[in-house]
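Have a look at the structure below, then the notes.
Note that the coordinates shown come from a computational prediction; the quantities given were computed from them, not determined experimentally. Note on naming: letters A, B, ... go to the chains in the order of the sequence lines (proteins, then strands), and numbering restarts at 1 for each one.
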There are 4 protein chains.
Amino acid sequence: MSGDRDVTRERIISAAEKVFSEYGFFRAPVHLIAREAGVSKGLVFWYFRDKMELIVEVAKRSLPLDVIDSCLEENLRGRDVLECIGKNYLDKYRDPRWKSLLLHAIALETQVREIAEDVRKLCEEKIEAVAERAFGESSTKTRILLRIFFGGLMCFVLRPPKDIDEQTFLKNLINIIFKNAL
Amino acid sequence: MSGDRDVTRERIISAAEKVFSEYGFFRAPVHLIAREAGVSKGLVFWYFRDKMELIVEVAKRSLPLDVIDSCLEENLRGRDVLECIGKNYLDKYRDPRWKSLLLHAIALETQVREIAEDVRKLCEEKIEAVAERAFGESSTKTRILLRIFFGGLMCFVLRPPKDIDEQTFLKNLINIIFKNAL
Amino acid sequence: MSGDRDVTRERIISAAEKVFSEYGFFRAPVHLIAREAGVSKGLVFWYFRDKMELIVEVAKRSLPLDVIDSCLEENLRGRDVLECIGKNYLDKYRDPRWKSLLLHAIALETQVREIAEDVRKLCEEKIEAVAERAFGESSTKTRILLRIFFGGLMCFVLRPPKDIDEQTFLKNLINIIFKNAL
Amino acid sequence: MSGDRDVTRERIISAAEKVFSEYGFFRAPVHLIAREAGVSKGLVFWYFRDKMELIVEVAKRSLPLDVIDSCLEENLRGRDVLECIGKNYLDKYRDPRWKSLLLHAIALETQVREIAEDVRKLCEEKIEAVAERAFGESSTKTRILLRIFFGGLMCFVLRPPKDIDEQTFLKNLINIIFKNAL
DNA sequence: CATGAATGAGCCTTCATTCAT
DNA sequence: AATGAATGAAGGCTCATTCAT
């Protein structure tokens with residue numbers, strides 16, 4: 001059944017997420033992924049042409065595209081958009097595994113065309129779409145503001161400060177963005 | 001001469017910067033670094049105990065610690081501090097080599113204690129020092145602002161937008177930071 | 001089949017015996033062993049975690065534990081025990097390959113715990129067991145005699161004299177041992 | 001001065017004895033020997049053409065040739081010869097360093113012509129000379145006895161039994177040899 | 001004599017990938 | 001689908017040896 005197929009495939013991807021986050025994409029041996037997934041090494045190559053295909057699959061999931069898309073699907077406007085994105089972003093990358101994968105995925109951007117393309121989409125198309133929703137227009141100014149927004153989020157994730165809690169940070173960040181948007 | 005020692009060492013590091021930026025730290029074979037430096041493979045291990053020591057050396061240089069330190073040394077205050085840092089930051093990472101190395105170095109943070117320590121220093125001690133200089137005090141609020149500042153810079157570097165030039169971006173960024181600092 | 005596994009494993013061990021006996025354990029390159037066994041270099045490490053595991057496996061087989069055990073299994077008493085051991089010992093180490101391996105294995109005793117343990121077993125437990133069988137009791141005196149017995153065998157193997165044949169030597173040796181045992 | 005030459009040379013040999021005894025001849029890196037001797041790596045190769053020359057030098061000293069020669073020089077006869085040899089032998093190889101070196105040297109016999117030659121000398125010429133002194137004649141029988149004598153010594157050294165002290169062992173051994181010599 | 005930087009060959013080991021079963 | 005034995009390329013690293021100083 002194709003259901004089984006997908007289940008196994010997902011189990012492998014899930015194992016890969018774990019192993020990649022611990023070792024980095026290129027230092028992670030496939031056999032560890034297989035063991036973690038409870039399947040044989042050979043089977044990994046039945047589902048993925050080569051290791052790179054698996055890397056790309058995991059790397060794409062590691063970027064915050066899903067976070068943004070899910071918030072765009074809900075029909076939010078104004079602050080609510082950034083609140084949704086900010087909350088989901090911090091939720092996702094609070095998990096050390098996703099945090100690690102995010103950093104590794106970004107580093108891949110320099111070398112893997114497909115990741116570069118996703119990052120481009122993130123930084124161009126998605127920012128444009130978010131700008132429309134949050135500020136009603138996508139202008140140079142609003143796009144700058146959104147880059148600052150995302151930069152702030154990433155910087156927070158990279159090393160969460162001990163004396164600032166997520167909520168405070170996010171509220172401040174959004175305030176700043178909107179104060180300047182007007 | 002001890003001068004020779006340092007010269008050779010630096011030549012190797014320089015070659016490593018080039019090769020690491022192209023391949024990533026772990027996919028870069030040492031023999032390519034040696035060839036690039038014009039020395040034998042064995043010599044690399046005369047100067048560095050193992051590949052990891054070389055990686056760490058390069059990774060540390062790839063973080064913006066030097067940028068911040070050099071601006072802190074000049075006795076600047078207020079906007080001038082951020083202007084100095086912003087300019088030097090964008091100058092350094094405009095070079096695709098340093099950009100790539102920065103991303104790889106940040107990804108290392110998850111796995112190498114020494115890099116994690118440097119990132120911590122960057123995000124805690126240095127931000128505090130910069131806050132003192134730029135805003136006259138290091139408070140929760142000013143540190144949040146600086147994180148946003150650095151996040152904005154990093155996000156710009158990650159994928160420089162075609163329709164926004166560095167100067168405009170930097171001016172806007174600093175404006176926003178200072179408008180909120182008061 | 002699990003039979004195949006064992007067959008391949010034994011082929012590798014057998015090849016290792018040959019190569020080790022020619023080069024010594026540490027000067028023998030693994031690729032020669034692989035070639036001799038008709039398998040790829042990688043496969044050696046599929047069956048043995050590292051070279052040391054293979055060395056230990058071969059070294060243990062090189063000691064005369066098997067010789068003694070096989071004679072203890074047969075229900076011999078008195079002279080017959082020593083005749084059995086002496087004959088099998090000289091048979092085994094007449095082969096230059098086993099002779100060489102024996103010397104290398106003994107040298108390993110200083111450095112490899114597992115080999116040291118086997119040598120200890122040989123010199124303590126086994127000598128005791130042989131003493132019981134050959135002399136009816138394991139006393140300080142009989143154990144000294146057996147050490148002399150084994151020393152004589154080893155010394156003969158180390159450099160077989162041209163003017164003394166095995167049989168004569170062995171008969172003399174056993175005579176001396178038993179003359180003193182009474 | 002040639003005096004200095006010899007002093008340095010001996011310091012290197014002495015260091016080599018230590019390092020070889022710990023690592024074995026081929027696993028011992030020359031740089032450790034140099035460090036132990038307090039000289040530069042290059043200097044080792046000024047005194048010895050290559051590592052093998054140093055190995056052979058040390059290996060030769062590790063065999064009991066010196067023990068036998070020194071006892072032959074004194075004008076001893078009968079039991080006294082074996083007592084002298086036995087005592088000096090056990091004295092030398094009680095030191096774990098010499099014990100280890102002896103075993104490694106013997107293992108070399110299979111591979112290095114020069115060592116093989118020394119072992120041959122030991123087992124043929126020297127045994128003959130000792131036989132003349134100890135028993136007044138070198139016959140097949142006396143040579144067998146001496147081989148047993150040396151075998152016994154070596155076996156004792158290989159793993160000294162806890163319940164038998166050197167003196168007792170040696171006295172027993174010599175008694176046995178002489179009881180059979182008559 | 002003495003140093004230590006420099007070389008390069010070679011070794012052990014890992015690991016992505018294939019394939020017979 | 002699934003396994004795991006088998007392969008072979010490649011990499012990190014060691015180390016004997018040389019040589020300019």
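With respect to the salt-bridge test (charged N to carboxylate O, under 4.0 angstrom), the residues B:Glu17 and B:Arg97 do not qualify. With respect to A:Glu117 and A:Arg113, no salt bridge is recorded, no charged nitrogen being found less than 4.0 Å from a carboxylate O.
Residue C:Phe48 contributes atom CZ, which lies 15 Å from atom P of E:dT14 at whole-angstrom precision. Whole-Å rounding puts the B:Asp50 CG to E:dT13 P distance at 17 Å. The CE-P distance, from B:Met52 to F:dG11, rounds to 18 Å in whole Å. Going from atom CG of B:Asp4 over to atom C1' of E:dT3 covers 14 Å, rounded to whole Å. Rounding to whole angstrom units, NZ of residue D:Lys51 and P of F:dA16 are separated by 4 Å. Whole-Å rounding puts the B:Glu53 CD to F:dC13 P distance at 11 Å. Rounded to an integer number of Å, the gap from A:Phe45 CZ to E:dT18 P is 8 Å.
Across all strands shown, F:dC15 pairs with E:dG8; the Watson-Crick or G-U wobble distances both stay below 3.5 Å. Using N1 to N3 plus N6-O4 or O6-N4 for Watson-Crick, or N1-O2 and O6-N3 for G-U wobble, each under 3.5 Å, F:dT21 pairs with E:dA2.
Within 6.0 Å of CD on C:Glu36 lie more than 12 heavy atoms contributed by other residues, nucleotides or ligands. Residue A:Arg120 qualifies as enclosed at atom CZ: its count of foreign heavy atoms under 6.0 Å is above 12. Within 6.0 Å of the NZ atom in A:Lys92, the count of heavy atoms belonging to other residues, nucleotides or ligands exceeds 12.
Distance from the side chain of B:Leu43 is smallest to E:dA6 among E:dT17, F:dC13, E:dA6.
Across all strands, D:Lys41 comes closer than 4.0 Å to base atoms (heavy-atom distances). Counting any heavy atom pair closer than 4.0 Å across all strands shown, B:Tyr47 reaches sugar-phosphate atoms only and no base atom.
When each of C:Ser40 and B:Arg49 is assigned the nucleotide of DNA chain F bearing its nearest heavy atom, the one mapping closer to the 5' terminus is C:Ser40.
Taking every heavy atom of residues 11-39 of chain D and every atom of DNA chain F, pairs under 4.0 Å involve D:Ala28, D:Pro29, D:Val30, by number.
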- Start with the C-alpha distance between D:Arg9 and D:Glu53, add both sets of side-chain angles, then the distance that settles salt bridge (charged side-chain N to carboxylate O under 4.0 Å, His left out), and finish with yes or no. CA-CA 12 Å; D:Arg9 197 184 141 88; D:Glu53 196 173 305; 5.1 Å; no
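Residue D:Thr8 places no side-chain N or O under 4.0 Å from the OP1 or OP2 atom of E:dC1.
Taking CG from C:Leu103 and NZ from C:Lys99, the interatomic distance works out to 6.5 Å, rounded to the nearest 0.5 Å.
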